[in-house]
2 protein chains.
Amino acid sequence: MTATAHAPRLPLTRDRVLQAAIAYADKAGVEALSMRRLGQELGVEAMSLYNHIANKEDLLDGMVDVIVQEIEEPASTGDWKTILRARILSARQALLRHPWASAVMVTRTNMTPTMMRYMDSVIGILRRGGFSIDLAHHTIHVLGSRMLGFAQELYDDTEALEASPEIAAIMLKQMADEYPHITELAMEISHDEGSIVGTGCDDLFEFEFALDLILDGLERSLERT
Amino acid sequence: MTATAHAPRLPLTRDRVLQAAIAYADKAGVEALSMRRLGQELGVEAMSLYNHIANKEDLLDGMVDVIVQEIEEPASTGDWKTILRARILSARQALLRHPWASAVMVTRTNMTPTMMRYMDSVIGILRRGGFSIDLAHHTIHVLGSRMLGFAQELYDDTEALEASPEIAAIMLKQMADEYPHITELAMEISHDEGSIVGTGCDDLFEFEFALDLILDGLERSLERT
DNA sequence: ACCTGAACACCGTTCAAGT
DNA sequence: ACCTGAACACCGTTCAAGT
């Protein structure tokens, strides 16, 4: 079999498998990522992958691990609040590059070394800032997934506006009766978004609003000690 | 609630399907819930279910819907903060009865009428408390999943202590080098938990700490207007 | 109107067999 | 040591056929 027609076959490695999985999830979504398709992507049978990863859970753990490694440590100086804020917003940047990542992180139950290292560094920032062990512990709970740069957004704001404007207008009448407050809020949002190019900016505003509210609250807790 | 295979066969209804699905998830976990198994549970072929639910997504939507309906509206009077706090802690109670519910909620993208009604009532509490539309909107983002009574706990506290005490002690030495802050925190927690019966109480403490920190922050935002 | 059998197009994973 | 073919035990979903 001549190999000239195809690219010279690199040997499979764990890293190459993870990179291919991430690239595929980036372009097709995680829900489309199966062992068979990943094998296909690498020019290999699905079963070969098991020589480099234990199983699909291990694959997903590894993918998340790579993303967390991508979080850059901003060279910020200052108090704990400034440093932590920069670190979390940096994590958010890494997450935004991989839209599937937050959904997968939520399903992880195994701590990976990279994840441990990240959490350890966050706790370190707090401890050096004067947080007691207990307060640092509570902070981890308060931040939750926000520590990694994503929030548990229950539903998308824009969902209600997905229908065509004419249909939306009719639905609005019905909605206004049953859900007056949501309707009121949705209309306000749709006004706002008309005046902005894109919605990414808005999301950042909401994320920072929540983050700062929490950081301010923590600062008060710290001062109270 | 689930009919045994020998009982006289009740006609299948959407509600009976949802109740059976919830009961099965309660006892076996959602990951074990398949259309085939649910059919089995109801003494029926899996394909019959499609006469009452559109597909599995619809099944999960319906299950969540039932849980949200189970959230009791506490008859609390007072300011927005007291009322909202009671409502969220009541939501937490409903969620605790169904350990799988929060994981499923996180994957929902379709708003159901019951979900809309719940969110509308929360926004209503805020608006009556003097929140502007914008601040009410931000509040939804700040609360995120906490509005429904659960937090995005990234990893379980107790995980590090799952191994046997002897092995844990050896691991601790290695861990202390690589992850000093996590180790310090984990040891503090293990001390605390030794003095308490069960951990459910502790989880409530963390939940309330975070909730109160957020509510206090919102109160300050409100006063600033 | 509701339920079923058979079938389709997938999954993750194993294991003996090949190179 | 790594890769493959075949197979196992599952999935969700469809559709024509039965009652």
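Convention: sequence-line order gives letters A, B, ...; per-chain numbering from 1. Every heavy atom of this structure was used, including side-chain atoms; hydrogens, water molecules and symmetry mates were not.
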Checklist entry - Think A:Arg37 has a side-chain N or O under 4.0 angstrom from the OP1 or OP2 of C:dC10? => result no

Next on the checklist: Could you check whether A:Glu153 and B:His141, counting side-chain N and O atoms only, form a donor-acceptor pair closer than 3.5 Å?
Outcome noted: yes

Checklist entry - Once you round it to whole Å, what is the distance between P of C:dT14 and CG of A:Leu49? => result 13 Å

Checklist entry - Between atom CG in A:Asn51 and atom C1' in C:dT14, what is the gap in whole Å? => result 12 Å

Next on the checklist: Nearest whole Å is fine: how far is D:dT13 C1' from B:His52 NE2?
Outcome noted: 17 Å

Checklist entry - Can you tell me the Watson-Crick or wobble partner of C:dC2, both distances under 3.5 angstrom? => result D:dG18

Checklist entry - Can a cation-pi geometry be assigned to A:Arg37 and A:Tyr24, taking NZ or CZ under 6.0 Å from the six-membered ring centre and within 45° of the ring axis? => result no

Next on the checklist: Counting C-beta onward and ignoring hydrogens, is there a side-chain heavy-atom pair between B:Glu188 and A:His137 closer than 4.5 Å?
Outcome noted: no

Checklist entry - Closest to the B:Ser48 side chain: D:dC2, C:dT4, D:dG12? => result C:dT4

Checklist outcome for this item: Scanning all shown strands, the Watson-Crick or wobble mate of C:dC8 with both distances under 3.5 Å is D:dG12

Next on the checklist: Just the rounded figure in Å: distance from C1' of D:dG5 to CZ of A:Arg36.
Outcome noted: 12 Å

Checklist entry - Choosing from C:dG12, C:dC3, D:dT13, which nucleotide comes nearest the side chain of A:Lys56? => result C:dG12

Checklist entry - When all nucleic acid strands are considered with a 4.0 Å heavy-atom cut-off, which category describes A:Ser34: base, sugar-phosphate, or nothing? => result sugar-phosphate

Item to check | Euclidean distance, atom CD of residue B:Gln40 to atom C1' of C:dT4 [Å, nearest integer] | outcome: 15 Å

Checklist entry - Between CZ of A:Phe150 and CD1 of A:Ile88, what distance do you get to the nearest 0.5 Å? => result 12.0 Å

Next on the checklist: As a test of reading the structure: which of C:dG12, C:dT4, D:dT4 is closest to the side chain of B:Glu45, going by heavy atoms?
Outcome noted: C:dT4

Item to check | Distance between C1' atoms of C:dC2 and D:dA17 (Å, rounded) | outcome: 13 Å

Next on the checklist: If the threshold is 4.0 Å, N to carboxylate O, is there a salt bridge linking A:Arg92 and A:Glu208?
Outcome noted: no

Checklist outcome for this item: Rounded to whole Å, CD1 of A:Ile53 lies from P of D:dC2 at a distance of 15 Å

Checklist outcome for this item: A:Leu38 CG to C:dT13 P, in whole Å, measures 12 Å

Next on the checklist: What's the closest nucleotide to the side chain of B:Leu12 if the choices are C:dC3, D:dG12, D:dC3?
Outcome noted: C:dC3

Checklist outcome for this item: Side-chain atoms of A:Met47 come closest, of C:dC3, D:dG5, D:dT13, to D:dG5

Checklist entry - Taking CG from B:Asp58 and C1' from D:dT13, how many angstroms apart are they, rounded to a whole number? => result 14 Å

Next on the checklist: Need to verify one output field. Residue with the more 5' nearest nucleotide on DNA chain D, B:Leu33 or A:Ala46?
Outcome noted: A:Ala46

